[in-house]
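For ligands, and for the atoms within them, numbers begin at 1 and follow the listed sequence.
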Amino acid sequence: MTLALSRPTAPPVSEQARVPLVTGGDIGYANLDHAASAPCLAAVRRAVDEFLPWYASVHRGAGFASQVATRVYERTREVLRRFAGARPRDTVIFTRNTTDSLNLLASSLPAGTSVVLFDTEHHAALLPWRGPHVYRIPTPRTRLAAVSAVDGALAACPEGPRLVVLTGASNVTGELLPVAEIAAVARRRGARIALDAAQLAPHRPLSIQDLDVDFVALSGHKLYAPFGAGALIGRADWLRAARPYLAGGGATRSVLAQDGGLGVVWNSGPERHEAGSPNTVGVYALGVACEQLGANWDAVIAHEEELGDRLRRGLAAVPGLTELKLLDGAADMVGTLSFVLDGFEPGWLAAVLSAEYGIGVRDGAFCAHVATRRLIARTGGTGGQAVRVSLGLGTTAEHVDRVVLALRQIVARGARWDYAIQDGRWAPTPDPRALPPFLAG
Ligand code: PMP
């Protein structure tokens, strides 16, 4: 007799909507846009519900609920530290999202820091760095060449502090970048490394210590906790010495009227950069999501790999479809990919997938304009836009099969409805789909 080992199951997301179709009726929403924002985990939703009666001010309140809320907020720093495999002395600063985290880091760099990064980064990682020593290098086509390119750029940097900024997983192609290898060369050249983990953290275990990086930025809404919190985790010294990111209550230890002006003593811990009332619900939700993922990585990865293979096999059989790739050769990938389809505009395709098939994908340049345009040029195309399909815990095999079949049908026989550009986007005309009841009227 053989024993059937039951496969571990990935944590479920909370119930997803049924969406109307232009052709009539409705269908379960196939959310293939996890890379933009992931649905809420059922466990996160339950935890938020459980916490809400206790919701109160943190740090400043004497009431019991304030003490509970403060405990929740501060304990979540430990949860994030564990989730990111941080060093014991690393700081955890709560932010709004990855963009906020990287801007905070940019505003905390010691004067004269040289910053080295690939020009194909997401705008959140590409744009915040200022000053004369920002080196944006084109991403080479192999992992090895990427490592040497960073090495070469660091060798040419002036003396002084250095920072390499790198994404863990591309939000355009889903490819994983050689983070540990680049961190090793950065270390040899005396540079620190900031990892944009917006796309890596929801899909793979993260370890600041194993990767030997210095800072990690992530977003709760991509980690199945869409309540508006993110985090910057990493070495405390630059952040402790930096000007507070926002000036205001909570960031200060004391403020005294002094010599006709103000004598301000700023906090030196994470609160230094968290002025104003924090997003305690968002922070708690982020922590619960991290705990859920951290306890279920095998199932999370297995779920995504199975569906990712199914998707790539299916799309390979769609005539005229070309997947965008940053690196040559088989790179490890998360369940995100972008493609162009001969003869079809990405915005039109996305509108048809939504209106006729109930599928949500992203079209455009994915806040990575340089990357998207360059990768399309490699396919022989001239545009700057593509379609992105991204999988996650809300994805089922039916969703994957639906998008593959839809694309084959669209290629074979076109759309069944009329579409026109309205306010800069393709939309069905007419569009008979009713908004959900809570928005109607
Ligand atoms: N980096 C990457 C790789 C991303 O995909 C994103 C979001 N698309 C960001 C940074 C910015 O994240 P957020 O919008 O949550 O700040």
Side-chain angles (χ1 to χ4, degrees), residues 31-40 80 84 93-107 115 117-129 136 139 146 163-179 182 193-204 206 211 213 215-234 245 273 279 282-283 285-286 289-290 324 326-327 331-338 360-372 374-375 385-392:
N31 177 356
L32 296 176
D33 200 12
H34 283 70
S37 281
C40 189
L80 267 286
I93 300 176
F94 292 119
T95 62
R96 290 181 298 154
N97 47 37
T98 304
T99 305
D100 204 23
S101 298
L102 292 173
N103 276 273
L104 162 60
L105 181 60
S107 74
V115 182
L117 65 158
F118 293 123
D119 65 359
T120 46
E121 295 294 348
H122 186 281
H123 296 171
L126 185 69
L127 301 177
W129 322 102
R136 295 189 178 91
T139 313
L163 179 73
V164 174
V165 182
L166 181 66
T167 192
S170 163
N171 70 310
V172 180
T173 66
E175 290 162 285
L176 301 192
L177 278 291
V179 177
I182 289 178
I193 303 101
L195 182 65
D196 169 355
Q199 299 294 342
L200 184 65
H203 302 287
R204 293 283 197 281
L206 189 61
L211 294 170
V213 297
F215 305 98
V216 159
L218 48 81
S219 298
H221 73 103
K222 295 189 197 284
L223 277 162
Y224 307 94
F227 292 88
L232 176 67
I233 306 156
Y245 187 44
H273 298 294
N279 175 6
V283 161
L286 171 61
C290 288
L324 304 185
L326 209 49
L327 301 169
D332 195 5
M333 289 177 198
V334 300
T336 295
L337 62 84
S338 298
V361 295
R362 172 102 187 257
D363 65 281
F366 321 118
C367 297
H369 294 184
V370 175
T372 308
R374 187 171 305 149
L375 301 190
Q385 312 218 319
V387 175
R388 181 178 73 189
V389 176
S390 53
L391 315 181

For Asn103 and Tyr245, test the side chains for any donor-to-acceptor distance below 3.5 angstrom and give the result as yes or no.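 Absent: no donor and acceptor within the cut-off.
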_List the residues meeting side-chain contact (heavy atoms from CB on, under 4.5 Å) with Ser170, not counting sequence neighbours, and say none if there are none._
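For Ser170 the side-chain contact (heavy atoms from CB on, under 4.5 Å) partners, ignoring immediate neighbours, are Val172, Thr173, Leu326.
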_Pairs where residues 220-233 contributes a residue and the test side-chain hydrogen bond (donor to acceptor under 3.5 Å, both in side chains) is met, not counting sequence neighbours_ =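 side-chain hydrogen bond (donor to acceptor under 3.5 Å, both in side chains) check on residues 220-233 returns Ser37-His221.
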Present, as a list of atom pairs with distances to 0.1 Å, all nitrogen or oxygen contacts under 3.5 Å between ligand 1 and the protein.
{"residue": "ligand 1", "atom": "1 (N)", "partner": "Asp196", "partner atom": "OD1", "Å": "3.2"}
{"residue": "ligand 1", "atom": "1 (N)", "partner": "Asp196", "partner atom": "OD2", "Å": "2.5"}
{"residue": "ligand 1", "atom": "5 (O)", "partner": "Gln199", "partner atom": "NE2", "Å": "2.6"}
{"residue": "ligand 1", "atom": "8 (N)", "partner": "His122", "partner atom": "NE2", "Å": "3.1"}
{"residue": "ligand 1", "atom": "8 (N)", "partner": "Lys222", "partner atom": "NZ", "Å": "2.8"}
{"residue": "ligand 1", "atom": "15 (O)", "partner": "Ser219", "partner atom": "OG", "Å": "2.6"}
{"residue": "ligand 1", "atom": "15 (O)", "partner": "His221", "partner atom": "NE2", "Å": "2.6"}
{"residue": "ligand 1", "atom": "16 (O)", "partner": "Asn97", "partner atom": "OD1", "Å": "3.3"}
{"residue": "ligand 1", "atom": "16 (O)", "partner": "Thr98", "partner atom": "N", "Å": "3.4"}
{"residue": "ligand 1", "atom": "16 (O)", "partner": "Thr99", "partner atom": "N", "Å": "2.9"}
{"residue": "ligand 1", "atom": "16 (O)", "partner": "Thr99", "partner atom": "OG1", "Å": "2.5"}

Sequence-distant partners of Arg362, salt bridge (Lys or Arg N to Asp or Glu O under 4.0 Å), two or more places apart: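 Result, salt bridge (Lys or Arg N to Asp or Glu O under 4.0 Å) vs Arg362: none returned.
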*Between Thr372 and Phe366, what is the shortest heavy-atom contact and its length?*
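Closest approach of Thr372 to Phe366, heavy atoms only: OG1-CD1, 3.7 Å.
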Does any part of the side chain of Thr98, heavy atoms only, come nearer than 4.5 Å to the side chain of Asp196, both counted from C-beta?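 Sidechains of Thr98 and Asp196: in contact.
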